[in-house]
2 protein chains.
Amino acid sequence: MPTDPPDPPDEPQRVAHQVHQDDTERLRQLGVRVTPQRLFVLEALEQASGHMTAEAIMQRASRRYPALNLATVYRALDLLVSIGLVAQTDLGGGAAHYELVGDSPHHHLACERCGLVIEMDEALLAGLRAEALATYGFHARPRHLAVFGLCARCYAAEQGK
Amino acid sequence: MPTDPPDPPDEPQRVAHQVHQDDTERLRQLGVRVTPQRLFVLEALEQASGHMTAEAIMQRASRRYPALNLATVYRALDLLVSIGLVAQTDLGGGAAHYELVGDSPHHHLACERCGLVIEMDEALLAGLRAEALATYGFHARPRHLAVFGLCARCYAAEQGK
DNA sequence: ATCGCTGCAAAAGTTTTGCAGTCGC
DNA sequence: GCGACTGCAAAACTTTTGCAGCGAT
């Protein structure tokens with residue numbers, strides 16, 4: 001698996017507080033309790049601005065909230081998914097990935113060899129979703145499509161063998 | 001999760017033996033050792049003619065080969081995937097699914113609520129695969145696309161809540 | 001006879017759950 | 001204060017691995 005990009009230094013307190021306030025409001029409007037654990041999970045996802053595993057979210061959030069427990073992160077993520085703030089993507093073999101809804105809609109190309117995940121524009125799949133609905137009555141969720149295969153680098157490596 | 005369809009009674013010995021012979025030949029031609037464990041794993045997949053989890057393969061194959069071990073099933077499946085006889089699909093949350101290559105190419109629509117898996121014709125995705133290759137250099141594997149969402153029944157149930 | 005394969009058991013990794021105490025509302 | 005949420009620990013589950021012995025070629 002490729003390593004995550006190095007963490008950028010934490011944002012100044014002003015910005016963090018700003019984000020914090022927005023999230024508090026959003027959770028309250030959606031009718032769920034506002035807890036520091038949920039806010040720090042959201043903050044971790046915002047700062048990373050990409051897909052993260054539960055473990056990575058835990059690592060980052062626990063810098064600001066050391067008592068945070070991994071089970072709580074899973075429970076927070078389940079809730080955030082159920083209220084539509086976070087999208088969960090299973091990319092096979094290992095941990096699920098979570099990302100904020102609100103980023104531009106996209107799907108995932110997952111390399112089975114090196115674990116690289118490429119984000120692919122949602123628009124390319126519009127036709128597929130319409131077909132799934134018309135033919136099978138299946139309601140595809142946005143951001144939840146995964147294509148497995150080999151990235152360019154690994155494909156070349158496989159050919160060379 | 002919906003239960004698997006009830007197992008049809010085992011085929012008469014003649015047919016089973018026929019299949020057995022074909023598989024033996026195929027494995028030999030591909031240059032791998034022919035073992036009863038591998039043959040019974042293939043047989044289980046042939047008889048079910050659909051996607052199965054490693055556990056389900058184990059259950060069915062062990063009716064004919066009681067000493068069969070789950071670790072061996074995983075190792076056999078890995079090998080069968082690597083030589084192209086079996087396709088593996090990760091449909092998230094739980095066990096991976098395996099199916100014989102040779103069935104008509106298709107992808108999967110996986111219901112996140114009830115676990116139903118609908119098979120979707122491969123042709124619908126031809127455009128997507130071309131795009132993934134042209135834009136990202138990504139080589140999508142056939143049969144390895146998973147779309148997550150809600151089936152018609154579960155969608156109706158969700159709306160009703 | 002060789003070397004890969006198998007069975008067994010244990011480990012690894014992710015996610016869930018039971019329970020007592022805590023905290024948001 | 002009530003009920004939801006959390007931390008902790010243990011369990012559940014899927015998959016992998018070490019190792020000694022067996023078996024396909």
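Protein chains get the first letters and strands the later ones, always in sequence-line order, with residue 1 at the start of each.
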Item to complete: Report the end-to-end axis angle of the helix from C:dA1-D:dT25 to C:dC25-D:dG1; each axis comes from five terminal pairs, and the value is rounded to 10°.
Response: 40°
Discussion item. Within the structure provided, determine whether A:Met52 and A:Tyr98 are in side-chain contact (heavy-atom separation under 4.5 Å).
Written reply: no
Worksheet item: Going by atom types only, do A:His51 and A:Gln88 share a side-chain donor-acceptor pair under 3.5 Å?
Response: no
Worksheet item: What's the CG-P distance between B:Leu79 and C:dG4, to the nearest Å?
Response: 13 Å
Practice prompt. Could I get the full list of side chain to side chain donor-acceptor pair (under 3.5 Å) partners for B:Glu122, not counting sequence neighbours?
Written response: B:His107, B:Arg129
Item to complete: Rounded off to whole Å, could you give me the CG-to-C1' distance for the B:Leu70 and C:dG7 pair?
Response: 12 Å
Worksheet item: A:Tyr74 side chain N/O closer than 4.0 Å to the phosphate oxygens (OP1, OP2) of C:dT16?
Response: no
Worksheet, complete the sentence: The answer to which of B:Arg75 and B:Tyr98 contacts DNA chain D further toward the 5' end, by nearest nucleotide, is B:Tyr98
Worksheet item: Expressed in angstrom and rounded to an integer, what is the separation of B:Leu77 atom CG from C:dC5 atom P?
Response: 14 Å
Worksheet item: How many Å lie between CZ on B:Phe40 and C1' on C:dT6, as a whole number?
Response: 15 Å
Response to the item:
What one should report as the nearest heavy-atom pair of B:Arg28 and B:Val34 is N-CG2, 4.0 Å
Worksheet, complete the sentence: Only residue of A:Val41, A:Asp23, A:Asp22 satisfying side chain to side chain contact (heavy atoms under 4.5 Å, CB included) with A:Glu46 is A:Asp23
Worksheet entry | Co-membership, hydrophobic cluster, residues B:Phe138 and A:Met120, 4.5 Å side-chain | yes
Worksheet item: Looking for any heavy atom pair under 4.0 Å, which part of the strands does A:Leu68 touch: base, sugar-phosphate only, or nothing?
Response: sugar-phosphate
Worksheet item: Rounded to the nearest 0.5 Å, how far does SG of A:Cys111 lie from CD1 of A:Ile118?
Response: 8.0 Å
Worksheet item: Contact boundaries of DNA chain D with chain B (under 4.0 Å, heavy atoms), 5' to 3'?
Response: D:dT14 to D:dT25
Worksheet entry | Spacing between A:Met58 atom CE and C:dT14 atom C1', to the nearest angstrom | 14 Å
Worksheet item: Are the side chains of B:Arg38 and B:Arg75 in touch, meaning some heavy atoms are under 4.5 Å apart?
Response: no
Discussion item. Any heavy-atom pair between the side chains of A:Arg26 and A:Leu85 that's under 4.5 Å?
Written reply: yes
Item to complete: Indicate for each nucleotide in nucleotides 20-25 of chain C, in 5' to 3' sequence, whether protein heavy atoms under 4.0 Å reach the base (B), only the sugar-phosphate (S), or nothing (-).
Response: ----BS
Practice prompt. Could I get the full list of side chain to side chain donor-acceptor pair (under 3.5 Å) partners for B:Tyr65, not counting sequence neighbours?
Written response: B:Gln37
Worksheet item: Where each residue is assigned the nucleotide of DNA chain C containing its nearest heavy atom, which of B:Arg38 and B:Ala71 is assigned the position nearer the 5′ end?
Response: B:Arg38
Worksheet entry | Residue list, salt bridge (Lys or Arg N to Asp or Glu O under 4.0 Å) with A:Glu119, at least two apart or on another chain | none
Discussion item. I want to check one thing: is the phosphate of C:dG7, taken as OP1 and OP2, less than 4.0 Å away from some side-chain N or O of B:Tyr65?
Written reply: yes
